[in-house]
Amino acid sequence: MSTIDKSGAPPAQRDPLPVYLDARVAFANSYLIGDGLEIGPLHQPLAVPVHANVSYVDRMTTPDLRREYPELADWDLTEVDVVDDGEKLASIPAESQDFIIANHFLEHTENPIGTIETHFEKLKPGGVLFYAVPDKRFTFDYRRAATPLEHMVADREEGPERSRAEHYEEWCRLVVDHEFATAAANGSEETFEDWVQRRTRELEDASYSIHMHAWTQAEFLQLILAIRSRLDDAFDIDAAARVGIEFLVVLRKLGPLPVAPVAQAPEQPPLHLRLRRVAGRIRRKLRGGQP
């Protein structure tokens, strides 16, 4: 059920606060180095620095993704290099990646705790996880309550099938209920409750991708800290920031830090030649640009 304020009104969707830091660019340039993965980039892969080499992972091939997302027909989709379940990464060896990027992915997972634990298993010591998740207050999830930590722990311990139908039902009631309003306006006599139950079954049977979980930045940080405790403090939070509707974190697995590439300064001519060029520019300026 949605949370309510003291007046009894459902929460209103909020506009995000102004952005003072382009954290995606800053964090990518500061923390991504070596060879890594990006999960589910679709048409918006993260821009990475030249010293980061990325392989792209998705649950379908690129042609299948085009059929799955016809609304992206006018966009260029990122070519998929590895077809795999981003929650499990079964084809990726343990401790083989310098980084893993997963932007607007974790909210779709059924078992976010297990997913993050798996991602850490795939990292080399010193490797980083780069995550961005939507803050529900600024998206279509605004009427949903933030997913309690206890709920996600139970999904990890008992299996996500325990709450799958609950997630789909909440999605129908609080996110896509406009579909019912449209059907009613077109003459449907189905009641809202009957519509909710029918659409819940349809979406679950189709394994339709929805936001299984919803967070604000505070609840997401609580989740990260709980996972850190579960893993015996095996990682640090190197960076965190809210940018627009999303919240970003960079998590570093404990271990030796990767060696950053050293920028090579361009070779300089001898000092006497540099001084001669400077003197020549000064003479030309004094002559009004004449040789």
Visitor: Please determine whether a side-chain nitrogen of the Lys or Arg among Arg59 and Glu68 lies less than 4.0 Å from a carboxylate oxygen of the Asp or Glu.
Guide: yes
Visitor: For Glu71, enumerate each residue passing the side chain to side chain contact (heavy atoms under 4.5 Å, CB included) test, keeping only those at least two apart in sequence or located in another chain.
Guide: Tyr69
Visitor: Check the pair Phe99 / Tyr31 against ring pair (Phe, Tyr, Trp, His ring centres under 6.0 Å), numbers first and verdict last.
Guide: CA-CA 9 Å; Phe99 59 84; Tyr31 297 105; over 10 Å; no
Visitor: From Arg162 CZ over to Glu157 CD, what is the distance, rounded to the nearest 0.5 angstrom?
Guide: 10.5 Å
Visitor: When you measure from the side chain of Asp98 to the backbone of Gly127, do you find a donor-acceptor pair of N or O atoms at a distance under 3.5 Å?
Guide: no
Visitor: State whether Glu219 and Lys136 are salt-bridged, where the test is any N-O pair (Lys NZ or Arg NE/NH1/NH2 against Asp/Glu carboxylate O) under 4.0 Å.
Guide: no
Visitor: Sequence neighbours left out, what passes salt bridge (charged side-chain N to carboxylate O under 4.0 Å, His left out) with Arg201? Give chain and number order.
Guide: none
Visitor: What side-chain donor-acceptor pairs closer than 3.5 Å can you find for residues 37-50, not counting sequence neighbours?
Guide:
unit_1: Glu38; atom_1: OE1; unit_2: Leu46; atom_2: N; d: 3.1
unit_1: Glu38; atom_1: OE2; unit_2: Leu46; atom_2: N; d: 3.3

Visitor: How would you list, by chain and number, every residue that makes a salt bridge (charged side-chain N to carboxylate O under 4.0 Å, His left out) with Asp236, sequence neighbours excluded?
Guide: Arg228
Visitor: Ser188: which residues meet the side chain to side chain donor-acceptor pair (under 3.5 Å) condition with it, sequence neighbours left out?
Guide: none
Visitor: Kindly write out the residues that satisfy side chain to side chain donor-acceptor pair (under 3.5 Å) with Glu150, not counting sequence neighbours, or none if the list is empty.
Guide: none
Visitor: Residues two or more places apart in sequence or in another chain: which of them pass side chain to side chain donor-acceptor pair (under 3.5 Å) with Gln222?
Guide: none
Visitor: According to salt bridge (charged side-chain N to carboxylate O under 4.0 Å, His left out), who are the partners of Asp58, at least two apart in sequence or on a separate chain?
Guide: none
Visitor: Just to verify, what does Ser55 make a side chain to side chain donor-acceptor pair (under 3.5 Å) with, not counting sequence neighbours?
Guide: none
Visitor: Would you give the length of the straight line joining atom CZ of Phe180 to atom CG of Asp194, rounded to the nearest 0.5 angstrom?
Guide: 9.0 Å
Visitor: Could you check whether any side-chain heavy atom of Leu231 comes within less than 4.5 Å of a side-chain heavy atom of Phe120, counting everything from C-beta outward?
Guide: yes
Visitor: Angle between ring planes, His119 versus Tyr131, binned at 30° and 60°: parallel, tilted or perpendicular?
Guide: tilted
Visitor: Filter on side-chain hydrogen bond (donor to acceptor under 3.5 Å, both in side chains), then keep only pairs touching residues 178-187, sequence neighbours left out; what's left?
Guide: Glu179-Arg199
Visitor: Could you list the donor-acceptor pairs under 3.5 angstrom formed by side chains in residues 205-212, with sequence neighbours left out?
Guide:
unit_1: Ser209; atom_1: OG; unit_2: His108; atom_2: ND1; d: 3.0
unit_1: His211; atom_1: ND1; unit_2: Asp141; atom_2: OD2; d: 2.6

Visitor: Listed by chain and number, what are the salt bridge (charged side-chain N to carboxylate O under 4.0 Å, His left out) partners of Asp64, not counting sequence neighbours?
Guide: Arg67
